[in-house]
Protein chains: 2
Amino acid sequence: MQENYDCVMENLATNPLIEKLKLLMDLTDDEVQVILDLSFKTQKLPKGQSLIPSNSENVSLVMDGWACRYKILSDGRRQITSFILPGDLTGVRACLFGVSDFDTETLTDCVTTLIDGKDIARLFYEAPRLAAAVTWASAREEAMLTEHVVSLGRRNARERMAHLFLELHSRLEIVGFVEKLAYGMPITQEMIADCLGLSIVHVNRTLKAMRKEGLLEYYNGYVILKNAKKLRSICGYDSNHLEGTLHPEIADYDPDA
Amino acid sequence: MQENYDCVMENLATNPLIEKLKLLMDLTDDEVQVILDLSFKTQKLPKGQSLIPSNSENVSLVMDGWACRYKILSDGRRQITSFILPGDLTGVRACLFGVSDFDTETLTDCVTTLIDGKDIARLFYEAPRLAAAVTWASAREEAMLTEHVVSLGRRNARERMAHLFLELHSRLEIVGFVEKLAYGMPITQEMIADCLGLSIVHVNRTLKAMRKEGLLEYYNGYVILKNAKKLRSICGYDSNHLEGTLHPEIADYDPDA
DNA sequence: CTTCGACATTCACATATGTTAACGCGCTTA
DNA sequence: TAAGCGCGTTAACATATGTGAATGTCGAAG
């Protein structure tokens, strides 16, 4: 079921995690190498699998494909709490702090690499700048969740969808997965519904209306933002929450000073 | 407006941040002292103020009182993304990574202490175990936000309220602010509404129904969970997401090994 | 004692969104 | 070629929750 798939890592320039971290700080060549060395196993995961077996000692880094974190209530209702895109790490909390309180599932075939949780833990002693980078990635998740809370709590269906499509565009752009205002979104309307706290039918209704207004196209797993400006004004979108700059005290630390 | 208020720190045993961190790991005496030394200014903040002036270089630790993080949409709708209770740090992300994407406000008079962001940043080099603890606190926020997303996305008003009251009970218990099944909740129904994505009227309706069923009492800023078991079964509550154990690689690190 | 304002509480009514159930289309598989 | 299945699309109808407005209560301020 899972075969090795080594060619993916060849082109270092396109490692999506590194692209993402560059947004936070300049990485030295050594640090890039440390990050690359973290991965000990690259694998292909088919659609519909868990990204990490529960109680795993490992962290998973998605290189290609889409996955999600979700929770299921006792009666079957499902809430997707976040989409996991290339460059995203999953399982850091479970590894570092022994708590895992959601499940993950690949929404498409995915290419992932596994990282030993121990190696992430060691960063705190051996590469504080990278430990801070991991903390940042976690804080960024937190910021996205905050936006998600705002959407679910106070935005209507139209606004929620606008926000989702714009945020996905921002995130994918950072890791090099968009072409201008278009990007692949290889998931089902049911998944959008489970993410936005809506019913499938209402997602479909809302999508239809937005298409009709010329706001966006969405077919065949492809999204085109036809009127990004209006979409932004609909939901008050702002991509600040995805950004960051490392505190100089960490970025420029000099142990001799 | 803000006066010094030094007596609060006298009883080290009741520093709520330390109580919280004990949940994650055993703290050495030295570490406890480092944490205590972080605070450089204790102050009283009246109700209705921002916990941290925006663009602050500081982190704020709440010692007593309630506050919240929130976002306001352009037309005035408000979403409270989380309640900030004693022992909680705010502004870590803003300090460490230069991004702050929400506002904070005290919901009651608060006693807070300020911590220089530099000192938090230095932990990554000088006290990796404590840096990990800060990362944990952030990951715990993330877990609470995840639960919040689930509530807003897939739980109805009754379930949302049950979950909120139970989670607050768990959180306050950890820092020593509950008496059995009762605790002070000195906020307005409007704030509950803004937190749970409901209207004031509906919060009131739902509260009335829950009181009538003998699930809880709620008056005069006091909550009593009359039937915690049933409340738990209503929303499938579980407090795992508040817990944690530090990865042994960090907890027991031996640089000589 | 009176006034006023902040909150809680209700009521009547409005509406965004959910539910159930069809139907069609394009794959895959036999 | 036909059957089956996943998914998108619609329609008719149901309901949880929102809205607007009035009333009550209590404490603070004068």
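Everything numeric here is computed off the predicted structure, so don't read it as measured data.
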Quiz item: cation-pi between Arg232(A) and Tyr237(A), 6.0 Å / 45°: no

Looking at Gln189(B), I'd like to know whether one of its side-chain N or O atoms comes within less than 4.0 Å of OP1 or OP2 on dT9(C). yes

Between C1' on dC7(C) and OH on Tyr218(B), what's the gap in Å once rounded to a whole number? 11 Å

Heavy atoms under 4.0 Å, any strand shown: does Gly197(B) hit a base, just sugar-phosphate, or nothing? sugar-phosphate

Under-3.5 Å N/O pairs linking protein and nucleotides 20-24 of chain C:
none

Which angle, to the nearest 10 degrees, lies between the helix axes at the two ends of the helix from dC1(C)-dG30(D) to dA30(C)-dT1(D), each defined by five pairs? 30°

Among Leu225(B), Val223(B), Leu85(B), exactly one meets side chain to side chain contact (heavy atoms under 4.5 Å, CB included) together with Leu168(B). Which residue is that? Leu85(B)

When all nucleic acid strands are considered with a 4.0 Å heavy-atom cut-off, which category describes Arg211(B): base, sugar-phosphate, or nothing? sugar-phosphate

Heavy atoms of chain B, cut-off under 4.0 Å: which first and last nucleotide of DNA chain D, 5' to 3', fall inside that, if you could look? dT17(D) to dG20(D)

Can you tell if the side chain of Met63(B) reaches within under 4.5 Å of the side chain of Thr113(B), non-hydrogen atoms only? yes

Determine: side-chain N/O of Arg158(A) to OP1/OP2 of dT17(C), distance under 4.0 Å, yes or no. no

Could you tell me the separation between the CD1 atom of Ile192(B) and the P atom of dC7(C), rounded to a whole number of Å? 13 Å

For Arg154(B), which contact category applies under a 4.0 Å heavy-atom criterion: base, sugar-phosphate, or nothing? nothing

